[in-house]
Amino acid sequence: MTTHVTVIGLGAMGSTMAETFLKAGHRVTVWNRTPGKAGALVALGAHEAASPAEALSPAAGELVVVSQVDYRAMFDSLADVDLTGKVLVNLSSDSPSKLREAAEWVSARGGALITGGIMTPPPGIGRPGAYTFYSGPSEALSRHEETLKALSDVTYIGADPGLAMLFYQAQLFMFWSGLTSFMYASALAESAGLPVSTMLPYAQETYGGLAGEGPMGFLAILAAEFEARVYPGELNNLHMQAVGMEHVVHTFEDAGLDLAVPVALKELFARADEEGHGAEGLGSIIESIRKP
Ligand SMILES: NC(=O)c1ccc[n+]([C@@H]2O[C@H](COP(=O)([O-])OP(=O)(O)OC[C@H]3O[C@@H](n4cnc5c(N)ncnc54)[C@H](OP(=O)(O)O)[C@@H]3O)[C@@H](O)[C@H]2O)c1
């Protein structure tokens with residue numbers, strides 16, 4: 001079924017979203033703060049609105065997809081626009097509290113806000129495997145689910161509008177910290193005069209193992225420990241690992257490398273040890289994370 005979609009924001013993400021909607025056969029209206037970014041989309045059949053008010057006029061249909069640098073940009077762009085009867089789907093990054101504030105802001109202007117965290121860069125939009133965490137009013141999402149599926153799979157998390165970003169930021173934190181650890185490990189290999197490729201197979205085994213089901217499948221093991229709040233440490237206690245983390249810091253220090261992330265981990269491990277978790281397992285560190 002074809003529909004009309006308005007896309008607000010023509011950065012790398014918004015432009016690709018607008019193009020994807022056009023290729024799926026939808027009618028598309030676009031607006032961007034800085035003019036001059038809609039040429040290729042207009043050539044594909046999009047209508048470029050001269051103002052946010054025109055982009056969100058009643059004639060433009062109900063669905064408005066927003067992709068900007070953050071939610072402040074939406075407040076700036078749509079401050080003077082009547083949102084009566086509109087369903088805004090904001091796929092920008094921000095914090096859960098900002099999304100909750102935004103849901104009230106949109107509602108006070110007569111519209112409904114669906115929040116989303118899109119888990120793919122531009123080349124993945126509209127490709128198999130791409131998915132988006134959505135939260136907010138489920139009935140409004142159901143009404144537009146078929147259209148939104150042009151971008152990615154639709155993964156609904158719940159009615160609290162903050163949830164989309166809670167899941168999105170959690171995923172990004174794992175992604176960024178995991179890859180940053182690999183950067184540190186690679187720099188260590190280089191410091192010994194070895195190509196990074198010598199480290200790669202072991203990194204693949206470690207990261208792959210964490211997500212697996214075997215004895216190294218620590219994601220599933222720790223998830224069960226976190227829910228039970230029990231952290232067996234007989235075979236590898238936290239105190240031993242806190243001392244071991246100091247050795248990691250010394251290793252990076254000896255290699256003349258940056259220490260920011262190793263030292264942050266060392267300090268977290270030491271605090272959990274001091275807070276009485278030394279005889280428990282590594283997973284007990286979550287108790288110190290829960291109580292900063
Ligand atoms: N790129 C990715 O791989 C990726 C993946 C997943 C999610 N995201 C998220 O998707 C969102 C968009 O990312 P992007 O890569 O498209 O960013 P981008 O290329 O830097 O584009 C940013 C967009 O935000 C607009 N903008 C910024 N401040 C504004 C303001 N105060 N008022 C109105 N418009 C404003 C810009 O308009 P102007 O052209 O006028 O500056 C531009 O359209 C971000 O929240 C990002 O975190 C990105």
Side-chain angles (χ1 to χ4, degrees), residues 5-22 28-42 44 46-56 60 63-81 83 86 88-103 105-106 109 111 113-136 148-155 157 161-180:
V5 191
T6 291
V7 177
I8 299 292
L10 297 179
M13 293 292 282
S15 298
T16 309
M17 289 174 193
E19 184 182 337
T20 305
F21 284 130
L22 284 165
V28 175
T29 295
V30 296
W31 179 82
N32 190 63
R33 176 183 60 174
T34 307
K37 291 195 176 174
L41 295 166
V42 170
L44 286 172
H47 168 66
E48 182 178 15
S51 66
E54 187 200 331
L56 273 74
L63 180 60
V64 181
V65 172
V66 182
S67 177
Q68 296 172 309
V69 71
D70 58 15
Y71 273 64
R72 167 56 48 199
M74 178 181 76
F75 300 152
D76 290 350
S77 304
L78 305 185
D80 301 322
V81 178
L83 303 181
K86 296 288 181 182
L88 272 62
V89 178
N90 196 323
L91 301 176
S92 312
S93 169
D94 218 309
S95 64
S97 62
K98 188 63 74 180
L99 270 58
R100 294 180 187 118
E101 177 192 338
W105 189 91
V106 171
R109 285 162 175 74
L113 178 67
I114 296 167
T115 49
I118 181 161
M119 300 307 305
T120 181
I125 292 173
R127 301 289 169 114
Y131 69 100
T132 302
F133 293 120
Y134 286 103
S135 57
L148 293 169
K149 274 185 183 166
L151 301 181
S152 75
D153 286 348
V154 171
T155 303
I157 305 296
L163 287 179
M165 275 299 127
L166 193 132
F167 275 67
Y168 173 87
Q169 303 302 0
Q171 289 290 112
L172 273 187
F173 183 64
M174 289 187 277
F175 180 72
W176 282 330
S177 57
L179 291 185
T180 302

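Counting starts at 1 for both ligands and their atoms, following the listed order. Just so it is clear, the values below take in all heavy atoms, side chains as well, and ignore hydrogens, waters and symmetry mates.
A search for side-chain contact (heavy atoms from CB on, under 4.5 Å) contacts involving S152 returns A130, T132, not counting sequence neighbours. Under the rule for a side-chain contact (heavy atoms from CB on, under 4.5 Å), the partners of E101 that lie at least two apart in sequence or sit in another chain are F75, K98.
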Between ligand 1 and the protein, which N/O pairs are shorter than 3.5 Å?
residue	atom	partner	partner atom	Å
ligand 1	16 (O)	A12	N	3.1
ligand 1	16 (O)	M13	N	2.8
ligand 1	19 (O)	A12	N	3.0
ligand 1	24 (O)	V69	N	3.1
ligand 1	31 (N)	R33	NH1	3.3
ligand 1	31 (N)	D76	OD2	3.2
ligand 1	34 (N)	Q68	NE2	3.3
ligand 1	39 (O)	N32	ND2	2.9
ligand 1	39 (O)	K37	NZ	2.6
ligand 1	40 (O)	R33	NE	3.0
ligand 1	40 (O)	T34	N	3.0
ligand 1	40 (O)	T34	OG1	2.5
ligand 1	41 (O)	R33	NH2	2.9
ligand 1	43 (O)	L10	N	3.4
ligand 1	43 (O)	G11	N	3.3
ligand 1	43 (O)	N32	OD1	2.7
ligand 1	45 (O)	Q68	O	3.0
ligand 1	45 (O)	V69	O	3.0
ligand 1	45 (O)	S93	N	2.8

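Side-chain contact check for L10 versus S15: some heavy-atom pair is nearer than 4.5 Å.
Sorted by first and then second residue, the salt bridge (charged side-chain N to carboxylate O under 4.0 Å, His left out) pairs involving residues 122-131 (not counting sequence neighbours) form an empty list.
The line from OH of Y71 to CG of D76 is 14.5 Å long, rounded to the nearest 0.5 Å. Taking OH from Y134 and OG1 from T155, the interatomic distance works out to 9.0 Å, rounded to the nearest 0.5 Å.
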